[in-house]
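The structure appears below as structure tokens.
Each ligand, and each atom within it, is numbered from 1 in the order the structure gives.
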Amino acid sequence: MKRIITYGTFDLLHYGHINLLKRAKALGDYLIVALSTDEFNLNQKNKKCYFNYEKRKQLLEAIRYVDLVIPEENWEQKTTDIKEYHIDTFVIGDDWKGKFDFLKKQCEVVYLERTPEISTTKIKDDINCSK
Ligand code: C2G
């Protein structure tokens, strides 16, 4: 069984995220999503989430491509996650291209093209403009 892992905040969840998760799952048989915790988002990623961790986890667990959701609490946990979950492939959007090449010592690293026209910022801006 080929095991895949990806990381992210996934807030507000949109079809760009789904495109990523669908393609990530297509690379193997079992997809783990390491979901950024509220604390990690606030303190390290400078992201204030609309939905808290539990709600973002509930949304991800409802997606057919996702087999397991675990917390992402820091930048450094990837190497231990790959060992602990016997990961074959690390996947993330190409906005991170090159940033995680150091993981190639442990597993395959794949950067997938982002869905260009959608982002959480765009969603928020469009809603504000329509008011
Ligand atoms: N994504 C995408 N297309 C978009 C928006 C996002 O393919 N239009 C991808 C991102 O490239 C990422 C995943 O969806 O692979 C989740 O996006 P974010 O929640 O923005 O993740 P990010 O904040 O980049 O967190 O340790 C890694 C970080 O936790 C990644």
Name the residues with a heavy atom less than 4.0 Å from ligand 1? Y7, G8, T9, F10, H14, G16, H17, L20, S36, K45, K47, E72, W75, K78, I92, G93, D95, W96, R114, T115, I118

Parallel, tilted or perpendicular, as decided by the 30° and 60° cut-offs, for the rings of F90 and Y7: tilted

Candidate list L68, I4, D88, I5, test side chain to side chain contact (heavy atoms under 4.5 Å, CB included), partner Y30, passing option: L68

Counterpart residues, salt bridge (charged side-chain N to carboxylate O under 4.0 Å, His left out), relative to R3 (two or more places apart): none

Going by ring pair (Phe, Tyr, Trp, His ring centres under 6.0 Å), name the residues that satisfy it together with Y111, two or more places apart in sequence or in a different chain. none

So with a 6.0 Å cut-off around CD of E113, is the heavy-atom count from everything else above 12? no

Output a table of donor-acceptor pairs, distance under 3.5 Å, between side-chain atoms of residues 49-57 and any protein atom two or more places apart or on a different chain; print 'none' if there are none.
from, atom 1, to, atom 2, distance (Å)
N52, OD1, E54, N, 3.2
N52, OD1, K55, N, 2.9
R56, NE, F51, O, 2.9
R56, NH1, T9, O, 2.9
R56, NH1, S36, O, 2.9
R56, NH2, S36, O, 2.9
R56, NH2, D38, OD1, 2.7
K57, NZ, E61, OE2, 2.7

